[in-house]
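Working notes, structure below.
Below, chain A is the first sequence line, B the second, and so on; all start at residue 1.
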Protein chains: 4
Amino acid sequence: MSGRPQRADARRNRERILEAAFEAFAADGRLVPLDDIARRAGVGAGTVYRHFPTKEALFQAVVTERIERIVDEAEALVHAEEPGEAFYGYLMWVVERAMFNHALCDALAADLGTLDARGTDERFTLALGELLRRAQAVGAVRPDVDVQDVRSLMVGAMVMERRRRPEGGPGRMTALACDALRLVTKDDETGPRERNERGCAVCGKPLAAAPTGRPARFCGPACRQKAHRRRKTA
Amino acid sequence: MSGRPQRADARRNRERILEAAFEAFAADGRLVPLDDIARRAGVGAGTVYRHFPTKEALFQAVVTERIERIVDEAEALVHAEEPGEAFYGYLMWVVERAMFNHALCDALAADLGTLDARGTDERFTLALGELLRRAQAVGAVRPDVDVQDVRSLMVGAMVMERRRRPEGGPGRMTALACDALRLVTKDDETGPRERNERGCAVCGKPLAAAPTGRPARFCGPACRQKAHRRRKTA
Amino acid sequence: MSGRPQRADARRNRERILEAAFEAFAADGRLVPLDDIARRAGVGAGTVYRHFPTKEALFQAVVTERIERIVDEAEALVHAEEPGEAFYGYLMWVVERAMFNHALCDALAADLGTLDARGTDERFTLALGELLRRAQAVGAVRPDVDVQDVRSLMVGAMVMERRRRPEGGPGRMTALACDALRLVTKDDETGPRERNERGCAVCGKPLAAAPTGRPARFCGPACRQKAHRRRKTA
Amino acid sequence: MSGRPQRADARRNRERILEAAFEAFAADGRLVPLDDIARRAGVGAGTVYRHFPTKEALFQAVVTERIERIVDEAEALVHAEEPGEAFYGYLMWVVERAMFNHALCDALAADLGTLDARGTDERFTLALGELLRRAQAVGAVRPDVDVQDVRSLMVGAMVMERRRRPEGGPGRMTALACDALRLVTKDDETGPRERNERGCAVCGKPLAAAPTGRPARFCGPACRQKAHRRRKTA
DNA sequence: CATGAATGAGCTTTCATTCAT
DNA sequence: GATGAATGAAAGCTCATTCAT
C-alpha cells in the first residue's frame with residue numbers, strides 16, 4: 001500500500017510532487033494551497049491526490065522522509081567514539097537542517113502523530129535516547145535530563161535560531177541551549193550550585209516533589225535562608 | 001489611525017472586541033474566523049471592521065496590548081533589589097503567561113513588526129536589556145549573552161513548554177533553558193570549560209569568527225588536541 | 001435558531017433560494033449542483049450556505065415545507081363527512097402533488113429522517129392513520145392494512161404514475177392501487193375469496209403465521225385442494 | 001457494437017467486469033465509482049473502457065443482461081397450466097429479484113431506453129402481455145388493465161417492498177398490489193361496485209373521459225345520487 | 001454608527017475519461 | 001490488448017471583506 005509506484009512516469013511525478021511539496025511546506029508550512037504545489041510540480045491537483053490521499057498525508061510524507069534521514073544519522077552515531085561530541089554535534093546538525101524549514105520544525109514539535117510516522121518517531125526516540133545515555137555515561141550531559149527533554153530542547157533551539165539576528169551567526173542559540181545540558185564539572189560542586197539540577201541548590205540533597213507551581217530549589221527553609229544570605233554577601 | 005473612537009458605545013464595543021479577540025486568538029491563533037470573534041463580542045462583523053481595518057490589524061492590536069503589560073512588568077522590575085532573581089523570575093513569568101497563548105507566542109517570536117507596535121518593541125528591548133545588564137553585573141548571568149539572545153530564549157522556552165509531557169511539571173523546560181544563562185562560578189574556571197561561552201574552551205582566548213557551520217570551540221589545533229587528551233584520560 | 005431572517009432582503013433571498021431549490025430538486029432530485037440553485041436564485045453560493053448549513057439541510061427544508069402542507073390537508077380531512085371519499089380522495093391528491101416531484105417523492109419514501117422533519121413525519125403518520133381508521137370503520141377500506149401500508153402504497157403509486165404512458169391519464173395507476181385497499185362488499189363473501197386479506201381464501205379462518213417466504217393463502221392442505229379443484233372447474 | 005471480443009482473455013475480462021458491475025450497481029445504483037468496479041473485477045479502468053464506451057453503457061449492459069433472464073422466465077411461463085398462478089407468481093418472482101437491486105429497479109422503471117436494450121424491452125412487453133392476456137382469459141385478472149399497467153405496478157411494488165417495515169414480511173406489499181388486479185367474482189357484480197374498473201360504479205355504463213383531476217366514478221349525477229343514498233342506508 | 005447579509009475566490013476532494021507505457 | 005497514472009472539471013463548503021439596510 002505504501003509501496004512506491006511501478007511506472008516510470010508515476011515515480012517521476014511522485015518525486016516531483018514530493019520535491020515541490022517540500023519546498024512549499026518548508027517555506028509556508030501547512031498553509032500553502034495544494035494547487036500551488038501541484039502547479040509547481042507541473043501536474044494536476046488530481047494527480048497529487050492519486051499519490052497522497054490527503055493534503056495532510058502529503059505533508060506527513062514529505063516530513064517523514066526528511067526525518068528518516070535525521071533518524072538514520074542518529075543511529076549511525078550511536079557507536080561514535082566520543083559520545084559527548086556525538087551528542088552535541090548531532091543536536092547542532094539537526095537544528096541546522098530544520099532551522100528554516102517550517103514543515104520540519106512543526107513536525108519535530110508534534111510527536112509525529114500519523115500511523116505511518118509512528119515507527120519513525122519511535123526509532124527517533126530510541127536512537128536519540130541512546131545518544132543521550134552514552135553522553136551522560138561519560139559525564140558530557142547532566143544526568144537529570146531525559147530524551148523528551150532533549151526533543152523539546154531541539155524544537156526550542158530551532159525556533160530560537162529562526163529568530164536570530166543575522167549577526168548572531170548560525171548555531172549561536174543552539175550552542176547556548178546546549179550549555180543548559182552540560183554537566184558542571186567536579187570542581188563546581190564545591191562552589192555554590194545555582195543550576196536547576198534537581199537537587200537542593202545548597203546542600204545537594206534530593207528535593208521534595210513539587211507537583212505544581214515552580215519547582216523547588218532548596219530542600220527546606222534552612223537552605224533557602226543560607227542561600228539568601230550568601231547572595232546578599234556576594 | 002491611533003485616534004480612539006469618541007462615542008461611549010463605540011469605545012465599549014472596541015473593548016469587547018479586543019477581549020473576545022484575545023480569547024479567540026489565544027486558543028487558536030490566527031486561524032479563528034473573524035465571524036466567531038464578532039459573535040463572541042456580541043457585535044456584527046462590520047463593527048469589527050469599523051475599528052480595525054483588517055483581521056491582521058486586530059491581531060496585532062490584541063497582541064500589542066498584551067505585550068505592553070509584559071513590558072510594564074519589566075520596567076517595574078528594573079529597580080528590584082535582587083537583579084538575578086528579578087531577571088530569572090521575570091523570564092519564568094513571561095513564559096508562563098505566553099505558554100498556552102498561541103497568539104502571544106507567535107507575536108513574541110515575530111519581532112512585533114507593525115508600525116503600531118514598534119514603540120512597544122523598543123520599550124521591551126530596552127527594559128529587558130536593563131534587567132539583563134543588572135543581572136550580569138551581579139554575576140547572575142553569564143556576560144556573553146545579549147538582550148536578543150534572551151528574547152530568543154524566551155520564545156524557545158515557550159515552545160518547549162508547550163511540548164512538555166504532563167509529568168514534566170510546568171516550568172521544567174524554562175528552568176532548563178535558564179541554566180544555559182547562568183554563570184559558572186569562580187571555582188569552575190579552574191576546571192575544564194565546556195560551555196559555549198565564546199572563548200577557547202581550553203585557554204580562554206577569544207575565538208576566531210566562524211560565520212558558518214558549527215562555531216569553533218578552541219582557539220586553534222593545539223588547544224583542541226589538549227582537550228582531546230584531557231577527555232581521554234578523564 | 002430556525003427563526004426566519006429579520007431583514008427584508010434576507011427574507012426575500014431566502015424565499016428565492018427555497019423557490020429555486022424547489023424547482024431544481026423537483027426536476028433532478030438531490031443531484032442538482034448547489035451552484036445551479038444559487039444561480040437560479042440569483043445569489044452567490046455562499047448566500048445559500050448562510051441560510052442553510054448544508055445542501056441536505058436545504059433539501060430537507062424544501063421538502064418539509066411541502067410536506068407540511070400535505071399534512072395540513074390530512075388533518076383538515078379528519079372530520080370529513082365521508083371517510084371513504086376523504087381517504088381515497090386524499091391519496092389521489094397527494095400522489096398528484098408528488099407525481100412529478102422527484103424531491104417530494106424521495107422524501108415521502110424516506111421516512112423524513114431529519115430532526116427538523118421528525119415532528120412532521122409523526123404528524124403525518126398520525127393524521128393519515130386517523131383518516132385510515134375512519135375509512136375502515138365505515139367499511140371503505142379493508143381492515144387488514146395499517147398506516148405504514150398506506151404510506152408505502154402512496155410511494156408506490158407515485159412511482160407508478162411517473163412511469164405511466166401519456167394515454168393512461170393521470171391517476172390511473174393510483175386508482176388501480178387504491179382498489180387494492182377496497183373492502184370486497186358483503187355479497188362478495190359468499191363468493192370465492194382470492195384477495196390477500198389475511199384469512200384463508202376458502203374458509204376464511206385465520207392463517208398460520210408465515211414468517212418467511214410468500215404468505216400463506218390457505219389455512220391448510222384441505223382448503224388448498226378445494227381451491228385447486230374450484231379453479232380447474234372454473 | 002454487438003460484436004463480442006475474440007480473444008479468450010478479453011472474453012473472460014468482459015465477464016468479470018459484468019459480474020463486478022452487477023454487484024456494485026445492485027448495491028449502490030449508478031453512484032458507485034467506475035474505479036471500484038474495475039478494482040472488483042481485477043482489471044484496470046482502461047480495460048473497462050475497452051469493453052464499454054461509457055459508464056452508462058456498462059450500466060445498461062449489466063441491466064439488460066439481467067432483464068433478459070427475467071424475460072426468459074416470462075416466455076417460459078407463457079404455456080403454464082395455470083395462467084392465474086403463473087401471472088401472479090411471476091410478478092412476485094420479479095419483484096423479489098429486483099427488490100434489493102437498486103440497478104434493476106431503476107432499469108425496470110425506465111423503459112430500457114438504450115438502443116441495445118430496445119429489443120429486450122419489446123420481448124418483455126410481449127411476453128408479459130401474453131401472460132396477462134391468458135390470466136385475464138381465465139378470469140384471474142380484471143380485464144381493464146393492460147400490460148403497461150402491469151409493468152408500472154411491478155415497479156411500484158418494488159419500491160413499496162423496499163420501504164416495508166421488517167415486520168411486514170417480504171412480499172406483503174406486492175401481494176397487496178396484486179389484489180388490485182384481481183377480478184371481483186361474479187357474485188360481486190350484483191353488489192355495489194366500488195372498484196375503479198372503468199365503468200360507472202352504479203350502472204356500469206362507460207365513463208366520460210376525465211383528463212384531469214380525480215377520475216369520475218359515475219356516469220352522471222343520477223347514479224352518483226343513487227350511490228349516495230345506498231351508502232347512507234348501509 | 002451598527003448590523004449581518006451577500007459576495008466570491010479559494011480550499012480539499014472526487015471521478016469519468018483519456019492516454020502513455 | 002491491458003494497465004493504471006494523469007487529467008481537469010466539478011462538487012460541497014469556508015471565510016475575509018464589502019455594503020445595503
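- Annotation: of the two residues near DNA chain E, Ala45(A) and Val48(B), the 5′-most nearest-nucleotide partner is Val48(B).
- Using a 4.0 Å cut-off between charged nitrogen and carboxylate oxygen, Arg12(C) and Asp9(C) do not count as a salt-bridge pair.
- Taking atom CD1 of Ile37(D) as the reference point, atom P of dG4(F) lies 16 Å away to the nearest angstrom.
- The CZ atom of Arg30(B) sits 13 Å away from the P atom of dA16(F) (whole-angstrom rounding).
- For the pair Tyr49(C) and Leu34(C), the minimum side-chain heavy-atom distance is below 4.5 Å.
- Residue Val43(C) places its side chain closer to dT7(E) than to any other of dT14(F), dT7(E), dT13(E).
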**Item:** Audit row: Met158(B), Met99(B), side chain to side chain contact (heavy atoms under 4.5 Å, CB included) steps and yes/no
**Value:** CA-CA 5 Å; Met158(B) 287 169 211; Met99(B) 215 150 62; 5.7 Å; no
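- Rounded to an integer number of Å, the gap from Arg11(C) CZ to dT21(F) C1' is 12 Å.
- Regarding contacts with the backbone of dA6(F), a side-chain N or O of Asn13(A) is found under 4.0 angstrom from either OP1 or OP2.
- When distances run from any side-chain atom of Pro33(D) to the nucleotides dC15(E), dC13(F), dC15(F), the shortest one goes to dC15(E).
- Judged by a 6.0 Å distance limit and a 45° cone about the ring axis, Arg30(B) is positioned over the six-membered ring of Phe59(B).
- Contact annotation: His51(D) does not reach the phosphate of dG1(F) (side-chain N/O to OP1 or OP2, under 4.0 Å).
- Remark: Arg50(C) is in phosphate contact with dA5(E), judged by side-chain N or O atoms under 4.0 Å from OP1 or OP2.
- Between the CZ atom of Arg39(D) and the C1' atom of dA2(F) there is a distance of 17 Å, given to the nearest Å.
- Not one side-chain nitrogen or oxygen of Thr47(A) sits closer than 4.0 Å to the OP1 or OP2 atom of dA5(F).
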**Complete:** Applying the Watson-Crick and G-U criteria (both distances under 3.5 angstrom) with [ ] for crossing and | for other-strand pairs, one obtains for DNA chain F .||||||||||||||||||||
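- Rounded to an integer number of Å, the gap from OH of Tyr49(B) to P of dT7(E) is 17 Å.
- Distance from the side chain of Thr54(D) is smallest to dT17(E) among dT17(E), dT12(E), dA2(F).
- Within the 4.0 angstrom heavy-atom criterion, base atoms lie near Gly44(B).
- Between the CZ atom of Arg12(C) and the C1' atom of dA6(E) there is a distance of 12 Å, given to the nearest Å.
- Between the NZ atom of Lys55(B) and the P atom of dT18(F) there is a distance of 14 Å, rounded to whole Å.
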**Message:** Using the rule given for side chain to side chain contact (heavy atoms under 4.5 Å, CB included), can you reason through Asn13(D) versus His51(D), listing the C-alpha separation, both sets of side-chain angles and the distance that settles it, and then say yes or no?
**Reply:** CA-CA 9 Å; Asn13(D) 270 341; His51(D) 290 286; 4.0 Å; yes
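- For the pair Arg66(D) and Phe22(D), the cation-pi criterion (under 6.0 Å, within 45° of the ring axis) is fulfilled.
- Atom CG in Asp9(B) sits about 13 Å away from atom C1' in dT3(E), given to the nearest Å.
- Contact check on Glu65(C) versus Arg69(C) returns a salt bridge, with a Lys/Arg side-chain nitrogen under 4.0 Å from an Asp/Glu carboxylate oxygen.
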